[in-house]
Structure formats: structure tokens, C-alpha cells
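Notes to accompany the following structure.
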There are 2 protein chains.
Amino acid sequence: MLSVATWNINSVRLRLPLVQRYLAEHAPDILCLQEIKCQEDQFPAQALAEMGYEHQAICGQKGYHGVATVSRVPIREITRHDWQDNGEARHVGIEVVGRDLFLENVYVPAGGDVPDREVNVKFGQKLDFLERMARWADSVDKPTLIVGDFNVAPLESDVWSHKQLLKVVSHTPIEVEALDRFRHAHGWVDIGREHVPHPERYYSWWSYRSPDWKKNDRGRRLDHMWASPALAAQARSHGVLEEARNWEKPSDHVPLVTGFDV
Amino acid sequence: MLSVATWNINSVRLRLPLVQRYLAEHAPDILCLQEIKCQEDQFPAQALAEMGYEHQAICGQKGYHGVATVSRVPIREITRHDWQDNGEARHVGIEVVGRDLFLENVYVPAGGDVPDREVNVKFGQKLDFLERMARWADSVDKPTLIVGDFNVAPLESDVWSHKQLLKVVSHTPIEVEALDRFRHAHGWVDIGREHVPHPERYYSWWSYRSPDWKKNDRGRRLDHMWASPALAAQARSHGVLEEARNWEKPSDHVPLVTGFDV
DNA sequence: GCAGGACGGG
DNA sequence: CCCGTCCTGC
């Protein structure tokens, strides 16, 4: 068995205690973090190594974005794709040593406020990012798991109100289509939805701005775990730790985890 | 008996727990705070009222400076002097109801880095502030206690190194002379030095920048309690709570307290 | 070394 | 609402 988790942590330095709590209580074999918001030399490498996560692949930058994959089992860093070609730290790819398993940790751009590439360059960059990921996915020929904050909630049951979010970045048809092209480019299996099928409610993010997140439950599923078909067939368990949204000084995202029989 | 305390708190919102701890453990009748760093409607009035300090005179502004006097015994706000005439919240004067006692809570400007009014306007403003306080003091004709952060350490034993601080703002001869003029203008009695006579070491502030503040002990006496002569004769006790500098997330100043037989 | 504020970003 | 960074002030 191998368990892999993904969590947009929204500053790993500020939320190191939460990461430690999650690792202590749930002990995944591998944890993929997004939005670490620090440079590599500022990453709390030692604190996580002391908890057994001594194998680490960190791709950071100053202030924004940044991803890190930490592991209890040996991993080898393979790639750092720059799908925007602008130097932003949004991906790190590793191989799980001796298991014929590749793990891609990605943080897709949020895309700004206005869902129109003519008036909002960030929205265009997000679509371009997804198109380039699709082109890359087309060439993937190894058992691969790609996880992270995709910043798109594709299904109606991935958002608290399909109707009210149709023109809100993360749930617009043009983004969903781009994400679909990316998924079909490799035949990725959406593990989350294998285990929590549509039309069941499935969210991984609740905005800080909406108070009483639990009562109002205005969530979205922005975080995903997608696997190559053969690998997806080996997924045995999947979970969403909603309670982490209630921890002290929480991230606005919660961790997802999948257990594989590999 | 009536006990009066003064404390530069360096943001009362951030350090409300420390104020509460001080009030719970030492229970002065009146506490004068400086550098509350908030507007009046942001002052934690209710939390302090719940501890019995329901009588409050608050003079605040956005972000900087600001003073507040909170009391367990009835007080009446009398004045808000603007000795710089620039709108900064640096003083509030109250009367202790039924005791013929006036209490002035003041935060003198720090004065910038360079002790030269030609090149540093803030230094000039500080000297002007002290001169205007002197003019005001000349007209004080009631039993008055003036306390607060005067931002001047007048005596050699008020600083960790007289020689090394002679050209450092807070201990320059020109500031000491201005403070002396202010003191003589009313015949104020320096209560701190009545109880801890020169040349005994007496500090109330240790910079955040100097690490190991306790070991290196690079302190200064910037906070003072001065009384009209007749009132000073009724002072029965005086204390400096140095241990407060070691509390969690401390202010760089510590509280002073004086007990009066009034 | 630590405050608060203003900014850009989510 | 909550990050980081940069700025000012002490």
C-alpha cells in the first residue's frame, strides 16, 4: 500500500503546525503541498524530516506559489515544468523509487477575476497553462498520478451553486472544457469522483471571505487527484479531510488522500 | 490608598492578554497606557470593563501613538492637549472623582534618529513638545500626577552606558535640559527616583533589537511618574515590573506603579 | 525586532 | 478574509 495526499497549504511557514498535525494524525506516505509561498531555503525541511518525511522535492519562489512533495519513502525528483514559461514555481515531478510510479504535483494559476482572456491576461494564462498541460499529458506513457490545486471545479456537484458560478472563474464552461481536454489527452481517471460519484456533493475549498463556511457550505472542488488508467485501478481508498477547514488558523483548502495497492 | 500604573503597551489590541494578566495579578486602581496604536472604537473597552476597569478615557488615532486611561474608580476626562498642534493623539488628562487629584497621561514623541533639529524635523518637534509642556506645567495649580513615556532618560543611571548614549536620541544633553525645564516649571517630583535614588540602576525599556535583553541589560528609563510636591509627599510605594519584559510577546516597555495615601 | 498600513494576490 | 512583501516608525 502507498498513500498519497495533496493539500494547498497557503503558506507552509505559517501553517507548519497544521502540516505536522496532519502528518502525525494521518501519516500518508507522500504529501504534496501547493502554495508553500516561500523559497526553497525557507521551507521547513528539517521539521518535516524529523517526522520521517526526509525525502523532499521542493520548487519554491519568493512570496507566491511554490510546490513541495515530501515523502517517507524514497523519491527522486525528475522534472520541473514551467507550463507558462514565466518562471513561476508551479510544478514538481518525482518518481517513487522502485515502484514504477510517477507523481506530478501541480498548482494551476487561479486566473484572476474576469473570465475573459481579452480583458484579463491572467485568465488567458490559466487557459494556456491547461492547454500546455494537455499537450504534455498526451506524451505521458508511464503510470502517473497528477495531483494538486487545479483551480477548476468541473462538475455541477463540485460547486455549491452551479447556476450562480457559471460566470465565476473556476467553474466557467471554457475552463471546464480546457480541463476536459487535459483529462482526455492521457485518459486520466478522476479518482475523487470514482470514490464520491457525481451528483454527490464534493468540495475541497471554502473561501475565507464567506464566514460560517460550515453552515453556508459555499465550497468548490478545486483540488484533484488524477491517475493513469492502470494506476487508477489500483486505488483502494480516498478521503477528504473536511475537518481540517476547522483547525486553528486553517488553510482555505483541505487535504485529499488516496491509498494505492502498489 | 490609590495605586496608579503606567505602561507603554505597543499596540493594545495585540497585547490585550498581557494587559489582562497585569491587571489580574497587580490590580492597580488606574492604568495609563501609551502607544495603544488604534482608534477609540477599536480599543478593547469591554474586555477591560469586564475586569472592573469600567471608567475609561481613550484618545486614539489610526495606526500610531494613542493613549488610554482605564480605572476601577470613577474618573472624568478633562483635557486632550495637542502640544504639537498636529493632531497626534499623545495626551489625555483626567480627574479622579472626589479625590482632588488630576492625572495626565502623555506620550512624548520619540524624536527620530539624528539629535539635530536642523537635519531631523522630528527631533525639533520633540524639543518643541517638551517646551510647550513646560509652558503648560507653569500654569498647573492643582495636585497633579503626570505619567507616561517621556522618551527621555535624564540621569546617568537611567541608561546602560551614559558615555555611549550621549549622542543617542533620548539621552542627549539638549533633551535632558528640555526635560529639566519642564520639571522645574511646576516643581514636579520624580517619584521613580525618590524610591530608587540615583546612582542606582533604573530602566523601564529594553529595545527589541538588542537580543538577550536580560543578560546584556542595555536598558533606559524612558517612562516616568512625576507628581506635584504635595502629592509626591503622599507616595507610599513604587515599583517597576521588570519581569513583564519576559512575558510572551512582550512590549519593549514594562509597567511602573505608585501607591498614594490619598 | 517588532508594530501598523498599503499593496497585489488568492 | 487572509497571505506575502515593502514601507514607515520606534
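Sequence lines set the chain letters: A, B, ... in the order given, protein chains first and strands last, and positions in each chain run from 1. Excluded from the calculations below are hydrogen atoms, water molecules and symmetry mates; all remaining heavy atoms, backbone and side chain alike, are included.
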* Could A/Arg218 and A/Trp160 be counted as a cation-pi pair, given that NZ or CZ must be under 6.0 Å from the ring centre and within 45° of the axis? -> yes
* Asked: When you match B/Asp149 and A/Asn10 each to their closest nucleotide on DNA chain D, which lands nearer the 5' end?
  -> A/Asn10
* Find out whether B/Val70 and B/Phe43 are in side-chain contact, i.e. whether some heavy atom of one side chain is under 4.5 Å from a heavy atom of the other. => yes
* Of all pairs that satisfy salt bridge (Lys or Arg N to Asp or Glu O under 4.0 Å), the ones with a partner from residues 207-216 of chain A, not counting sequence neighbours -> none
* Name the nucleic acid region contacted by A/Lys122, choosing base, sugar-phosphate or nothing; use a 4.0 angstrom heavy-atom cut-off, strictly under. => sugar-phosphate
* Proximal nucleotide (of C/dG4, C/dG1, C/dG10) relative to the A/Asn151 side chain -> C/dG10
* Structure fact -> Taken in chain and number order and not counting sequence neighbours, the residues that satisfy side chain to side chain contact (heavy atoms under 4.5 Å, CB included) with B/Leu14 are B/Ser11
* To do: Could you list where the contact with chain A starts and ends along DNA chain D, reading 5' to 3', using a 4.0 Å heavy-atom cut-off?
  => D/dC1 to D/dC6
* Asked: Without hydrogens or angle criteria, can the side chains of B/Asn105 and B/Gln34 be said to hold a donor-acceptor pair below 3.5 Å?
  -> yes
* Indicate the ring-plane relationship of A/His162 and A/His171, choosing parallel, tilted or perpendicular according to the 30° and 60° boundaries. => perpendicular
* **Residues within residues 59-70 of chain B bordering DNA chain D, heavy-atom distance below 4.0 Å** => B/Tyr64, B/His65
* Residues which pass salt bridge (Lys or Arg N to Asp or Glu O under 4.0 Å) with A/Arg90, listed by chain and number, not counting sequence neighbours -> A/Glu88
* Name all residues meeting the side chain to side chain donor-acceptor pair (under 3.5 Å) criterion together with B/Trp83; count only those two or more places apart in sequence or in a different chain, and write none if there are none. => none
* **Among C/dG4, C/dG1, C/dG10, the nucleotide that comes nearest once only the side chain of B/Arg13 is considered** => C/dG4
